[in-house]
Number of protein chains: 2
Amino acid sequence: MDKKQSLDALAALSQETRLDVFRLLVQVGRQGLPAGEIGERLGVRQNTMSANLAILTQAGLIHSVREGRSIRYFANMDGVSGLLGFLMENCCGGAPELCQPVIAKLTCAC
Amino acid sequence: MDKKQSLDALAALSQETRLDVFRLLVQVGRQGLPAGEIGERLGVRQNTMSANLAILTQAGLIHSVREGRSIRYFANMDGVSGLLGFLMENCCGGAPELCQPVIAKLTCAC
DNA sequence: CAAATATATCAATTAATCATGATATATGGA
DNA sequence: TCCATATATCATGATTAATTGATATATTTG
């Protein structure tokens, strides 16, 4: 991922509602959630949620498919992946043990 | 890491200069860099850089030690690690292959 | 085609953030 | 103690972002 895209992703995630949305979609996994249900679960108004979903989408962190009247949203794991790659690029100045804890944190037990 | 701290870290990284600073400090590793040299390398004025270093510090992404007249800054790998842990908490809805690419991206060759 | 449901867009107000000039604090050396 | 160097803080104007009410678009159902 390039810098522009990384900045977009970080800005997208730096707002509470959007961070909540993203984590919710990460947790539900493959099945995703329709926009309306995301708004309900998080107690956010319809147009605010729509705008926030658009920002997350633009940032490459989520994607959606229409499903009848609803639109179902999913987390884009590739988005996080690319962001992390950019953050840790050429990391550690030759000291592997520096980034070890970061990697350890990510071996999720899913 | 909790939500408040994660939001601080994401907001801190969502600004170009601060993202540059953090990546620079990740890349130089253990030796770190004095504030002045960070500013020089990135072409950022003294007071702007100072404010940005304070924001990154407050967010837990970097730390510093005084060294005579200078103050030397270092990346906090634990900060990234905690942030990732929070982002991916309870991830994938039972589908391990979803977060695999994220992990793969992070096995840095340092 | 009309009504209902689900989501998106628009315009405007409010709020937060950024860079900057000026100045203050801290450290080291003469 | 006085000066120079390195960094931090303060106040302000300018840009940017967030929320909201109103409205528009798309889809399904009758």
Side-chain angles (χ1 to χ4, degrees), chain A residues 3-25 28 31-76, chain B residues 3-25 28 31-76:
Chain A
K3 193 199 285 187
K4 170 91 179 61
Q5 233 183 324
S6 298
L7 283 168
D8 284 351
L10 290 162
L13 291 175
S14 70
Q15 200 266 352
E16 183 166 13
T17 297
R18 292 193 297 259
L19 181 57
D20 289 343
V21 169
F22 181 75
R23 296 210 323 137
L24 177 57
L25 290 177
V28 300
Q31 74 211 42
L33 283 176
E37 189 171 343
I38 300 175
E40 270 175 38
R41 288 215 203 180
L42 300 180
V44 175
R45 286 165 197 259
Q46 188 270 318
N47 56 356
T48 298
M49 181 52 72
S50 175
N52 282 325
L53 288 170
I55 290 171
L56 285 165
T57 301
Q58 163 66 29
L61 291 165
I62 64 176
H63 66 279
S64 60
V65 297
R66 180 168 277 277
E67 210 172 64
R69 293 192 264 218
S70 301
I71 298 182
R72 184 171 292 262
Y73 283 88
F74 309 86
N76 267 353
Chain B
K3 193 200 283 189
K4 170 88 177 62
Q5 234 183 326
S6 299
L7 283 168
D8 284 350
L10 291 162
L13 291 174
S14 71
Q15 199 267 349
E16 183 166 12
T17 297
R18 292 192 297 260
L19 181 58
D20 289 343
V21 169
F22 181 75
R23 297 210 322 138
L24 177 57
L25 290 176
V28 300
Q31 72 210 44
L33 282 176
E37 189 172 341
I38 300 174
E40 269 175 38
R41 287 214 205 180
L42 301 179
V44 175
R45 290 167 194 258
Q46 188 270 318
N47 56 357
T48 298
M49 181 52 72
S50 175
N52 283 325
L53 288 170
I55 290 171
L56 284 165
T57 301
Q58 163 65 31
L61 291 166
I62 64 177
H63 67 279
S64 59
V65 298
R66 179 169 279 277
E67 210 172 64
R69 293 193 263 217
S70 301
I71 297 182
R72 184 171 292 264
Y73 283 88
F74 309 86
N76 266 353

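Side chains are part of it too, since the values below use all heavy atoms of this structure and drop only hydrogens, waters and symmetry mates. Residue numbers start from 1 in every chain, and the chains themselves are labelled A, B, ... in the order their sequence lines are given, proteins ahead of strands.
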At a heavy-atom distance below 4.0 Å, which nucleotide of DNA chain C is the first touched by chain B, and which is the last? dC18(C) to dG28(C)

Review item, nucleotides 25-28 of chain D N/O atoms under 3.5 Å of protein N/O:
unit_1	atom_1	unit_2	atom_2	d
dT28(D)	O2	R69(A)	NH1	3.4

Between CD1 of I71(B) and C1' of dT9(D) the distance, given in whole Å, is 13 Å

If you round to the nearest 0.5 Å, how far is NZ of K3(A) from CG of L10(A)? 12.0 Å

From the options I62(A), L33(A), V65(A), select the one residue that forms a side chain to side chain contact (heavy atoms under 4.5 Å, CB included) with Y73(A). I62(A)

Measure the spacing between CG of L53(B) and OG1 of T17(B) and express it to the nearest 0.5 Å. 10.0 Å

Hey, could you give me the CG/CZ distance between N52(B) and R45(B), rounded to the nearest 0.5 Å? 13.5 Å

Between L7(B) and E16(A), which heavy-atom pair has the shortest distance, and what is it? CD2-N, 3.7 Å

Could you tell me the separation between the CG atom of D8(A) and the CD1 atom of I55(A), rounded to the nearest 0.5 Å? 10.0 Å

Considering every strand and a 4.0 Å limit on heavy-atom distances, what is the contact class for R18(B): base, sugar-phosphate, or nothing? sugar-phosphate

Quick check: does any side chain N or O of S50(B) sit under 3.5 Å from a backbone N or O of N47(B), one acting as donor and the other as acceptor? no

Please report the distance, rounded to the nearest Å, between CG in D8(A) and P in dT16(D). 14 Å

Atom pair CD (E37(B)) and CZ (R72(B)), whose distance is rounded to the nearest 0.5 Å: 7.5 Å

Which is more 5' along DNA chain D, the nucleotide nearest T17(A) or the one nearest A35(B)? Just name the residue. A35(B)

In whole angstroms, how far is the P atom of dA17(D) from the CD atom of E16(A)? 19 Å

With rounding to the nearest 0.5 Å, note down the distance linking CD in Q5(B) to CG in L61(B). 9.0 Å

Positions of residues 43-51 of chain A (non-hydrogen atom under 4.0 Å from DNA chain D), listed by number: R45(A), N47(A), T48(A)

Donor-acceptor pair, side chain of R23(B) and main chain of L25(B), under 3.5 angstrom: no

Less than 4.0 angstrom from a charged side-chain N to a carboxylate O is my criterion; do R41(A) and D20(A) meet it? no

